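Input: a single structure, listed below in structure tokens.
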Amino acid sequence: LKVLWNKAFMTFVVEDRATGELVGYFFLRSFVNGKCFKGRMVDYRQRNRGIAKLMGIAINKTAMRLGMRIYTTISPENYASLASTKAVNDIKIVKTLENGYYYIECTPKKVADNQQMGG
């Protein structure tokens, strides 16, 4: 709940249109140096529906409008997160953190690519 009230975070929720149920959320944490950190979570029961990809497109569009460079961390074992990130971004692994996670810079793919995915 702290994230919702923190002005450095832009937090978005994703609801199922039919039921109104929360199926996921995503956020951007912006910094004064022109970088932002993204995060997202999809309910495990809603996997393989393209929700994470659509979140990624929304994140990219928002960050690009703000003129921000996008970063994230992903566990190398989280294949689904890596795949959905790569689907809408060119990624550069900046470094591997002490906990084994990748620290990644995300560069949005061409707008035409994202539009084909429903963005």
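Here the structure is a predicted model, which means the values were calculated and not measured.
Of the inter-residue distances, the one linking Thr107 atom OG1 with Arg69 atom CZ reads 8.0 Å to the nearest 0.5 angstrom. In this structure, the separation between NZ on Lys95 and OH on Tyr103 is 7.5 Å, given to the nearest 0.5 Å. Residue Glu105 holds its CD atom at 12.5 Å from CD1 of Ile93, rounded to the nearest 0.5 Å. Here the OH atom belonging to Tyr101 is positioned 8.0 Å from the CD atom belonging to Glu77, to the nearest 0.5 angstrom. Taken to the nearest 0.5 Å, the SG atom of Cys106 stands 6.5 Å off from the CD1 atom of Ile70. Distance check, rounded to the nearest 0.5 Å: OG1 of Thr11 to OH of Tyr25 gives 8.5 Å.
Shown here for Gly100 and Pro76, the closest heavy-atom pair between the two residues is O-CD, 3.2 Å. The two residues Asn60 and Val88 come nearest to each other via the heavy atoms ND2-O, 3.2 Å. The heavy-atom pair separating Lys86 from Ile91 by the smallest distance is CE-CD1, 3.6 Å. Nearest heavy atoms, Ser30 versus Cys36: CA-CB, 4.1 Å. Across Tyr102 and Leu82, no two heavy atoms sit closer than the pair CD1-CD2, 4.4 Å. The two atoms that bring Thr72 and Lys38 nearest to each other are OG1-O, 3.1 Å, heavy atoms only.
With contacts defined as side-chain heavy-atom distances shorter than 4.5 Å, the pair Met10/Thr62 qualifies. Counting only heavy atoms from C-beta outward, the side chains of Thr85 and Arg40 approach each other to under 4.5 Å. Looking at heavy atoms from C-beta onward, Asp16 lies in side-chain contact with Arg49 at the 4.5 angstrom threshold.
Centroid-to-centroid, the aromatic rings of Phe12 and Phe26 come within less than 6.0 Å.
In the hydrophobic clustering of ILVMFWY residues, with side-chain heavy atoms under 4.5 Å counting as a link, Ile57 and Val23 come out apart. Both Ile51 and Leu28 are part of a single hydrophobic cluster, where members link through side-chain heavy atoms under 4.5 Å apart. If you chain together hydrophobic residues whose side chains sit under 4.5 Å apart, Phe37 and Met41 fall into the same group. Ile59 and Phe27 end up in different hydrophobic clusters when Ile, Leu, Val, Met, Phe, Trp and Tyr side chains are linked at under 4.5 Å. Met55 and Val13 fall into different hydrophobic clusters, where Ile, Leu, Val, Met, Phe, Trp and Tyr are joined by side-chain heavy atoms under 4.5 Å apart, directly or via other members.
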Derivation of the side chain to side chain contact (heavy atoms under 4.5 Å, CB included) call for Thr73 and Leu97:
CA-CA 9 Å; Thr73 56; Leu97 303 174; 3.7 Å; yes
Residue pair Ile74, Ile104: steps toward the side chain to side chain contact (heavy atoms under 4.5 Å, CB included) verdict:
CA-CA 8 Å; Ile74 302 175; Ile104 298 170; 3.9 Å; yes
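Arg65 pairs by the salt bridge (Lys or Arg N to Asp or Glu O under 4.0 Å) definition with nothing, not counting sequence neighbours. Residues that satisfy the salt bridge (Lys or Arg N to Asp or Glu O under 4.0 Å) test with Glu15, not counting sequence neighbours, are absent from this structure.
With hydrogens and angles disregarded, a donor-acceptor distance shorter than 3.5 Å links the side chain of Ser84 to the backbone of Ser81.
For CG of Asn48, the number of neighbouring non-hydrogen atoms (other residues, nucleotides, ligands) closer than 6.0 Å is 12 at most.
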